There are 2 protein chains.
Amino acid sequence: MQDSLTIGELAARSGVAPSALRYYERLGLIRADRTGGNQRRYARAELRRVAFIRISQQVGVSLDEIRAALDSLPEARTPSPQDWARLSASWRGRLDERIRLLSKLRDDLDGCIGCGCLSLQRCALNNPGDALGGEGPGARLMLPRPEADATA
Amino acid sequence: MQDSLTIGELAARSGVAPSALRYYERLGLIRADRTGGNQRRYARAELRRVAFIRISQQVGVSLDEIRAALDSLPEARTPSPQDWARLSASWRGRLDERIRLLSKLRDDLDGCIGCGCLSLQRCALNNPGDALGGEGPGARLMLPRPEADATA
DNA sequence: CCTTGAGTTGAAGTGCCCTTCAACTCACAG
DNA sequence: CTGTGAGTTGAAGGGCACTTCAACTCAAGG
């Protein structure tokens, strides 16, 4: 009942598996103090960081970008509500864009279904300027899977 | 200028890389005839299949599920507009759900930003019944990245 | 003290969706 | 007929976000 949480406690409270928390730490997304016996002890503030990470993932931001965002927080002091608000607000455009694209896809799909033609190339694929762009080599997951786990 | 397309032509017209098309074929998502020299020749209808695949991915459906959906098409005849409409319509709920979740996330985020508290756990994480659920072992990409490529 | 559940590490595995490579063969314009 | 760009294969690589494993050590209740 102190001011710090074990990894198990943080996992339970955040809904993120311990293995994921360790992974986040390796990536520099969160940090932990250590006990004499080398066990992690998390400050309460880390709970908020983890929450921000999960939110950001739902927005569709990669861990690498989340790390960059978190790096912009002040190191000296505990981040203020305004700090968090600024970070969250920075995802707002991303979120809007994602919603817009999916809504457009829904409309296109409705149009196709409605007219029965389902000329998908015209409706939804052949609009390169609009649709999702991606660059560079290496395999990426190009398109989203909705399933995720907030409680496991 | 015949009735069939080479893999390069299909790639160009669909915006999907040849390597991806071969991959789709391995997974049983598309099929190709072969020339005497063992090269793939795609019927025009395959273009529509590929379009459907890409659309489905945007909706957030896995290739495995897409394969299952495509398997439900009649094998005897070329799928009719109604066949495609049925398949597309079957994703409609998924799409709606995704849009709904993202919209809710946006509202939550606005709320948090608005009040400055950013109590993310209450706002957006601690609603397990609502949020994205996932099951089973093995690493999955839990949350979507919007970037994708429809023209490369 | 001692047991037992929780925590530690690095390395390897998993699932998805492809891409890249090497070492060929094909198809067609000239 | 020949050169060249396009196509073929299986195997391996790659990025992401983790999980799993083995082989330990810690922490705390009885």
Side-chain angles (χ1 to χ4, degrees), chain A residues 1-2 4-12 15-30 32-42 50 53-54 56-58 60-67 132 134-150 152, chain B residues 1-2 4-12 15-27 29-30 32-42 50 53-54 56-58 60-67 132 134-149 152:
Chain A
M1 197 60 80
Q2 288 115 247
S4 59
L5 304 167
T6 66
I7 194 169
E9 288 163 347
L10 181 58
V16 174
S19 60
L21 293 175
R22 294 194 194 95
Y23 178 64
Y24 291 166
E25 185 175 334
R26 274 219 308 282
L27 298 190
L29 291 165
I30 58 177
D33 298 323
R34 296 300 181 116
T35 65
N38 198 37
Q39 296 198 353
R40 289 173 181 81
R41 286 303 123 91
Y42 296 95
V50 176
I53 292 165
R54 301 305 270 191
S56 303
Q57 288 188 299
Q58 290 180 55
V61 182
S62 71
L63 291 183
D64 202 55
E65 287 179 287
I66 296 169
R67 190 194 42 66
L132 331 143
E135 280 307 328
R140 275 150 294 130
L141 180 55
M142 325 202 86
L143 293 155
R145 304 215 45 209
E147 283 70 31
D149 194 343
Chain B
M1 198 61 82
Q2 288 113 247
S4 60
L5 305 168
T6 66
I7 194 169
E9 288 164 347
L10 181 58
V16 174
S19 60
L21 293 174
R22 293 194 194 96
Y23 178 65
Y24 291 165
E25 185 175 334
R26 273 219 308 282
L27 297 190
L29 292 164
I30 58 177
D33 298 323
R34 297 299 180 119
T35 65
N38 198 37
Q39 297 197 353
R40 290 173 182 81
R41 285 304 123 92
Y42 295 95
V50 175
I53 292 165
R54 301 306 271 190
S56 303
Q57 287 188 299
Q58 290 180 55
V61 181
S62 71
L63 291 182
D64 202 54
E65 287 179 286
I66 295 169
R67 189 194 41 68
L132 331 144
E135 281 306 327
R140 275 150 294 128
L141 181 56
M142 325 203 86
L143 293 154
R145 304 215 45 208
E147 283 70 32
D149 195 344

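Just so we're clear, the structure is a prediction, and the values are computed from it rather than from any experiment. Reminder, nothing fancy here: chain letters follow the sequence lines and each chain counts from 1.
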Discussion item. Nearest 0.5 Å, please: how far is CD1 in A/Ile7 from CZ in A/Arg22?
Written reply: 4.0 Å

Worksheet entry | First encountered from the 5' end of DNA chain C, between B/Arg41 and B/Asp64 | B/Asp64

Worksheet item: In whole Å, what is the span from the CD1 atom of A/Ile66 to the C1' atom of D/dC18?
Response: 13 Å

Worksheet item: Whole Å only: how far is the CZ atom of A/Arg40 from the C1' atom of D/dT25?
Response: 14 Å

Worksheet item: What integer distance in Å separates A/Tyr24:OH from D/dC18:C1'?
Response: 8 Å

Worksheet item: Can you tell me if the side-chain N/O atoms of A/Arg67 get under 4.0 Å from OP1 or OP2 in D/dA17?
Response: no

Item to complete: Assign A/Leu27 to base, sugar-phosphate, or nothing according to its heavy-atom contacts below 4.0 angstrom with the strands shown.
Response: nothing

Discussion item. Just the rounded figure in Å: distance from P of C/dC18 to CD1 of B/Ile53.
Written reply: 9 Å

Worksheet item: Starting at the 5' end of DNA chain D and moving along, which residue's nearest nucleotide shows up first, B/Arg26 or B/Ile7?
Response: B/Ile7

Item to complete: First locate atom CD1 of B/Ile53, then atom CG of B/Leu63, and finally report the distance between them rounded to the nearest 0.5 Å.
Response: 7.5 Å

Response to the item:
Interatomic distance, CD@A/Glu9 vs CZ@A/Arg40, rounded to 0.5 Å, equals 14.5 Å

Fill in: Nearest-Å distance for atom pair OH/P, residues A/Tyr23 and C/dG13
17 Å

Worksheet item: Given atom CG of A/Leu5 and atom P of C/dA6, what is their separation to the nearest angstrom?
Response: 16 Å

Worksheet item: Taking the side chain of B/Gln39 as heavy atoms from C-beta outward, which of D/dA17, D/dT8, C/dT19 is closest to it?
Response: D/dT8

Item to complete: For A/Pro18 and for A/Thr35, find the nucleotide of DNA chain D with the closest heavy atom, then tell me which residue's nucleotide is more 5'.
Response: A/Pro18

Fill in: Partner set under salt bridge (charged side-chain N to carboxylate O under 4.0 Å, His left out) for B/Arg34, not counting sequence neighbours
B/Glu25

Worksheet item: Do any side-chain nitrogens or oxygens of A/Ser19 fall under 4.0 Å of OP1 or OP2 in D/dT20?
Response: no

Discussion item. At less than 4.0 Å, is any side-chain N or O atom of B/Gln57 found next to OP1 or OP2 of C/dC18? Yes or no.
Written reply: yes

Worksheet item: Can a side chain N or O of B/Ser62 be found less than 4.0 Å away from OP1 or OP2 on C/dC17?
Response: no

Worksheet entry | Atom-to-atom span, CG of B/Leu21 to P of C/dC17 - whole angstrom | 15 Å

Worksheet item: To the nearest 0.5 Å, what is the distance between CD1 (A/Ile30) and OH (A/Tyr42)?
Response: 4.5 Å

Practice prompt. Check whether any side-chain nitrogen or oxygen of A/Arg54 sits under 4.0 Å from OP1 or OP2 of D/dC18, and answer yes or no.
Written response: yes

Worksheet item: How many Å lie between CD on A/Glu25 and C1' on C/dG10, as a whole number?
Response: 14 Å

Item to complete: Taking only the side-chain heavy atoms of B/Asn38 (C-beta and beyond), determine which of C/dA6, C/dT9, D/dT9 contains the nearest atom.
Response: D/dT9

Worksheet item: So what does A/Arg22 touch, heavy atoms closer than 4.0 Å: a base, only the sugar-phosphate, or nothing?
Response: base

